[in-house]
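Below is one structure, written out as structure tokens; comments come after it.
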Amino acid sequence: MKLELGYIYIKDIQFGETSKVENGIIYVNKDELKSIILEDQNLKSVEFDLAKPGESVRITPVKDVIEPRVKVEGPGGIFPGMLSKVETVGSGKTNVLKGAAVVTTGKIVGFQEGIIDMTGPGAEYTPFSKLNNLVMICEPIDGLKQPEHEKALRFAGYKAAAYLGELAKNITPDETETFETLSVTEGMKAYPELPRVAYVLMLQTQGLLHDTYVYGVDAKRIISTLIYPTEIMDGAIVSGNCVSACDKNTTYHHLNNPVIHDLFEQHGKTLNFVGVIITNENVYLADKERSSNWSSKLAEFLGVDGVIISQEGFGNPDTDLIMNCKKIEAKGIKTVIITDEYAGRDGSSQSLADADVSANAVVTGGNANEVINLPKLDKVIGHINYVDIIAGGFDGSLHEDGSITVELQVITGATNEMGFNKLSAR
Amino acid sequence: MVKEIERAGIPVVHMCTVVPISLTVGANRIVPTIAIPHPLGNPALTHEEEKTLRRGLVERALKALETEVTGQTVFEEK
Amino acid sequence: MIKVVQYINQFFANVGGEEMAHIPAEIREGHVGPGLAFQQAFKDEAEIVATIVCGDSYFNENLDKAKAEVLAMVKQYNPDLFIAGPAFNAGRYGVACGTIAAAVKEELGIPSITGMYKENPGADMFKNKVYMVSTKNSAAGMRDAVKKMAPLALKLAKGEKIGSSAEEGYMPNGIRVNFFEKERGSKRAVGMLLKKLAGKEFETEFPMPDFDRVDPNPAVKDITKAKIALVTSGGIVPKGNPDHIESSSASKYGEYDIEGVMDLTEETFETAHGGYDPIYANADSDRVLPVDILRDLEKEGKIGSLYRYYYSTVGNGTAVKSAKAFAAEIGKKLKADGVDAVILTST
């Protein structure tokens with residue numbers, strides 16, 4: 001399967017009379033987009049705002065971040081099974097508005113959404129401070145139950161991203177990049193000398209605000225399976241979670257999965273990147289056992305020499321991570337795991353909830369408990385008064401002068417376990 | 001937490017879903033439960049059925065407290 | 001000007017080798033031996049005002065006495081910084097450096113640093129107690145050791161923020177510190193996997209911990225007479241979360257009176273836990289904390305009684321150390337109140 005990504009580099013985003021992309025600038029007609037979003041009966045209102053790199057802006061509570069993309073050639077559309085029909089995506093051509101994103105916010109659904117600062121110390125920890133963001137503040141109708149509220153917000157994000165992506169359909173990209181995955185046998189013939197490597201992508205699947213969807217299927221209902229890496233680039237996997245936002249994969253992370261990109265970079269040179277095994281992190285022990293049995297079995301089936309396993313979340317998913325690692329190592333396949341740590345505010349506590357000697361190659365995204373002071377910023381998009389109760393906040397997090405003291409946990413994407421960032425700990 | 005209460009000299013039974021974590025952190029008497037968001041319940045059942053289920057689990061926990069153990073023991077369903 | 005006192009052994013002071021290892025501690029003005037290299041590295045930011053020279057055998061054979069003597073000497077100069085060694089792979093010297101560096105830090109409250117080879121027995125004994133720079137295994141590594149120790153020492157003396165072990169060159173001391181790597185995590189993972197596949201040496205960013213164990217207490221003799229307490233890490237709290245227990249990384253636990261409470265209902269109790277789907281616990285908190293069943297069993301005489309209070313915290317992202325401290329306190333209270341057994345539920 002072969003996909004060409006066409007990057008259109010975005011340097012600014014503005015509101016305008018006609019929605020279009022021109023000379024690296026996205027223009028958005030607010031009213032048009034608003035009417036599309038408000039087709040959802042569960043949303044009472046939607047407001048739009050812009051947040052650009054370096055601006056004194058804080059966005060909170062952040063639910064999801066989504067990169068606008070559009071299928072230009074090849075079967076299917078972006079976000080198959082969610083917005084588009086369940087067609088297999090991942091081949092042909094896809095255009096990407098690089099440097100832009102849609103950020104969803106609004107009244108809190110649980111206590112589990114994050115913060116994005118566009119400047120200051122907080123901005124260094126989130127990759128989204130470097131993007132030109134269209135922020136949507138969505139408010140639900142009164143009395144809407146949490147699951148419907150979450151779903152309405154989630155879909156509003158996909159729709160807005162698809163709307164922006166559509167503007168790029170007929171634009172010639174500034175740069176293109178091609179990714180190709182051969183069948184197992186073709187790959188063996190093409191790279192007989194290279195070690196065969198797969199990627200085990202763990203998906204958070206624990207209920208409200210903890211879910212992930214694959215081609216529209218709630219991933220807690222899958223057993224581990226195989227997927228081409230390019231399918232993921234076309235939005236086959238989307239995020240429905242933002243609990244402790246630091247180590248949750250937004251839809252943006254899935255679209256730009258760094259492990260996939262870095263394995264492709266070495267593909268055909270130092271290794272043969274065979275494909276992706278996706279697995280879940282469920283709340284039943286039997287599911288954990290079954291899913292990790294299955295992912296290790298698939299790794300064996302593919303005949304790989306090594307895998308990289310990325311976790312999503314912490315706590316009980318540490319067990320899924322360790323099970324995957326232990327069972328795959330037991331088959332004689334080498335593993336590297338990517339996780340993050342909850343070592344306490346002073347860094348002296350136990351970092352993981354589970355452990356095993358076979359997990360001897362660990363990459364860490366840093367200690368999510370580390371406390372950070374974020375100065376007051378000129379503008380807040382969303383609702384600042386939730387800071388005390390979102391995960392990683394505490395009584396007194398929000399100071400009278402508008403500055404906040406929080407754990408890194410609250411910053412969207414800060415300790416991402418796909419290895420999206422440079423942050424680490426020792 | 002389990003370990004510290006045990007250290008205080010009181011026998012403790014840990015009722016939890018993710019038994020491997022309990023084993024790793026060192027609980028001695030462990031009763032496996034239903035699911036992480038509802039360890040002692042199952043929303044798919046009727047209220048009465050759910051109470052029966054919960055009672056069964058609690059009785060197993062009491063049994064565990066009455067049982068002498070020498071090391072980590074998981075009290076599985078009989 | 002930062003005032004520094006350094007501790008070295010008889011060998012590095014040029015007094016002699018093994019035959020002179022018995023000499024007691026003595027003090028000399030200014031820098032001696034390796035102190036010259038340190039003094040040069042400090043430029044004019046710091047000055048080594050005195051050097052304590054002590055025989056390795058003397059220190060180790062008269063540990064308490066020698067420690068007290070050296071501490072007294074250090075105190076007399078009231079320095080801003082104390083440096084012991086570096087000891088490289090000299091075992092007794094390493095133990096002496098670790099002992100005295102840790103003592104100066106703890107007992108005198110003076111910033112203190114030492115350095116030695118990672119396999120020196122002094123390393124495992126003291127690396128978690130005082131900043132200890134990892135050096136090569138022989139004095140041939142002096143230049144390298146000074147290069148790492150001097151800047152870290154100055155930072156300590158000035159009270160500056162100390163970065164992670166990987167940046168500063170000290171041995172991992174159990175305290176995890178964040179820092180920015182040169183490459184992103186995924187790239188580091190690919191690199192690590194390639195090394196592992198090729199059978200080359202690689203360094204994990206997080207060594208797996210050892211978990212300690214506690215022996216089980218004897219069983220409850222007669223459960224029908226026992227006073228039983230409920231504890232949970234599932235965050236069950238009276239509706240409204242009166243103590244504001246955090247949804248993640250809890251800094252406290254709550255103690256709640258359930259006298260007369262027969263059943264936890266949607267109107268009266270909820271969960272404060274941010275790590276799992278709260279719908280089920282909010283609808284019926286007995287699903288996490290089985291108060292209803294224990295009341296039934298109490299009525300039927302199957303248990304002695306349910307303890308009047310229950311304890312609750314949120315186990316989500318909460319440091320093990322905090323949880324440990326909560327439980328130690330809870331355990332003490334329960335013991336004092338004559339509780340016979342505890343049911344602890346987790347989500």
Side-chain angles (χ1 to χ4, degrees), chain A residues 110-112 146 195 197 206-208 210 243-244 258-259 262-263 266 270-271 283 305-306 308 314-315 334 336 338 341-351 355-357 359-370 389 391-392 394-395 407 409 418-426, chain C residues 163-167 172-198 202-211 241 243-244 246-251 272 274-280 315-324 347:
Chain A
F111 13 57
Q112 302 157 330
Q146 284 179 333
V197 173
Q206 308 218 325
L208 180 66
H210 301 64
V243 232
S244 295
V259 176
D262 291 341
L263 282 173
Q266 291 300 318
T270 58
L271 55 81
V283 294
D305 303 300
I308 291 177
F314 60 95
K334 304 269 197 301
V336 170
I338 314 178
E341 302 177 46
Y342 286 74
R345 290 183 189 162
D346 64 359
S348 70
S349 202
Q350 203 76 77
S351 294
D356 189 79
V357 285
N360 62 2
V362 184
V363 167
T364 170
N367 176 16
N369 289 133
E370 198 164 282
I389 57 164
F394 38 87
D395 257 2
E407 293 186 10
Q409 250 196 93
M418 287 174 171
F420 204 85
N421 311 321
K422 291 181 177 170
L423 187 68
S424 183
R426 291 290 190 288
Chain C
S164 66
S165 54
E167 296 165 284
N173 56 1
I175 311 265
R176 304 293 289 174
V177 180
N178 286 345
F179 72 107
F180 288 98
E181 282 272 8
K182 286 185 193 71
E183 305 281 4
R184 66 180 181 179
S186 52
K187 202 156 187 176
R188 306 202 304 275
V190 173
M192 202 183 284
L193 184 62
L194 285 171
K195 280 188 190 165
K196 198 170 167 178
L197 284 169
F202 59 91
E203 202 173 327
T204 183
E205 297 179 5
F206 177 75
M208 283 292 129
D210 303 319
F211 290 93
N241 190 8
D243 293 321
H244 305 284
E246 296 86 346
S247 59
S248 179
S249 195
S251 67
Y276 63 88
D277 185 341
I279 289 182
Y280 313 107
N316 181 31
T318 300
V320 175
K321 215 173 171 182
S322 312
K324 228 172 143 162
T347 47

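Fair warning: this is a prediction, and the values are worked out from it, not measured in the lab. Just so we're on the same page: letters track the sequence lines, and every chain starts at 1.
Among the candidates C/V190, C/V177, C/N178, C/I279, the residue making the largest number of heavy-atom pairs closer than 4.5 Å to chain A is C/N178. No other option in C/E203, C/K321, C/R188, C/E246 has as many heavy-atom pairs under 4.5 Å with chain A as C/R188. For the options A/G344, A/G306, A/G365, heavy-atom pairs under 4.5 Å to chain C are most numerous at A/G306. Chain C forms more heavy-atom pairs under 4.5 Å with one residue of A/M418, A/E341, A/Q206 than with any other, namely A/E341. Most heavy-atom pairs under 4.5 Å with chain C, from the set A/A359, A/P258, A/S348: that is A/P258. When each of C/K195, C/E183, C/K324 is checked for heavy-atom pairs under 4.5 Å with chain A, C/E183 comes out on top. Of the listed residues (A/A368, A/A343, A/A361), the one with the most heavy-atom contacts under 4.5 Å to chain C is A/A361. Contact count against chain C (heavy-atom pairs under 4.5 Å) is highest for A/N367 among A/N367, A/D305, A/V197. Considering only heavy-atom pairs separated by less than 4.5 Å from chain C, the leading option among A/N360, A/T270, A/V259 is A/N360. Of all the listed residues (C/S165, C/A189, C/A166), the one sharing the greatest number of non-hydrogen pairs under 4.5 Å with chain A is C/A189.
If you check the side chains of C/S164 and C/E167, you find a donor sitting under 3.5 Å from an acceptor. Residues A/E407 and A/N369 have side chains that bring a donor and an acceptor to within less than 3.5 angstrom of each other.
Using a 4.5 Å cut-off between heavy atoms, A/I338 contacts chain C through its side chain alone, with no backbone atom that close. Looking at C/F202, the atoms closer than 4.5 Å to chain A (heavy atoms on both sides) all sit in the side chain, from C-beta outward. In this structure, the portions of C/L193 lying under 4.5 Å from any heavy atom of chain A include both its backbone and its side chain. Heavy-atom distances place no part of A/V283 under 4.5 Å from chain C, backbone and side chain included. In this structure, chain A has a heavy atom under 4.5 Å from the backbone of C/K182, while its side chain stays farther away.
With a 4.5 Å cut-off on side-chain heavy atoms, A/D346 and C/I175 do not count as touching. Within the 4.5 Å cutoff, the side chain of A/S351 has no heavy atoms near those of the A/Y342 side chain.
Between atom CD of residue A/Q409 and atom OG of residue C/S248 there is a gap of 3.5 Å, rounded to the nearest 0.5 Å.
Ion pair A/R426/C/E181 flagged as a salt bridge, since at least one NZ, NE, NH1 or NH2 atom sits closer than 4.0 Å to an Asp/Glu carboxylate oxygen.
The main-chain N or O of C/S251 is never found under 3.5 Å from a side-chain atom of C/S322 such that the two would form a donor-acceptor pair.
Across A/A425 and C/R176, no two heavy atoms sit closer than the pair O-NH2, 3.2 Å. Across all their heavy atoms, C/M208 and A/D356 have their closest contact at CG-O, 3.1 Å.
Checking A/V362, A/V363, A/V336, A/T364 one by one against C/T204, the side-chain contact (heavy atoms from CB on, under 4.5 Å) holds for a single residue, A/V362.
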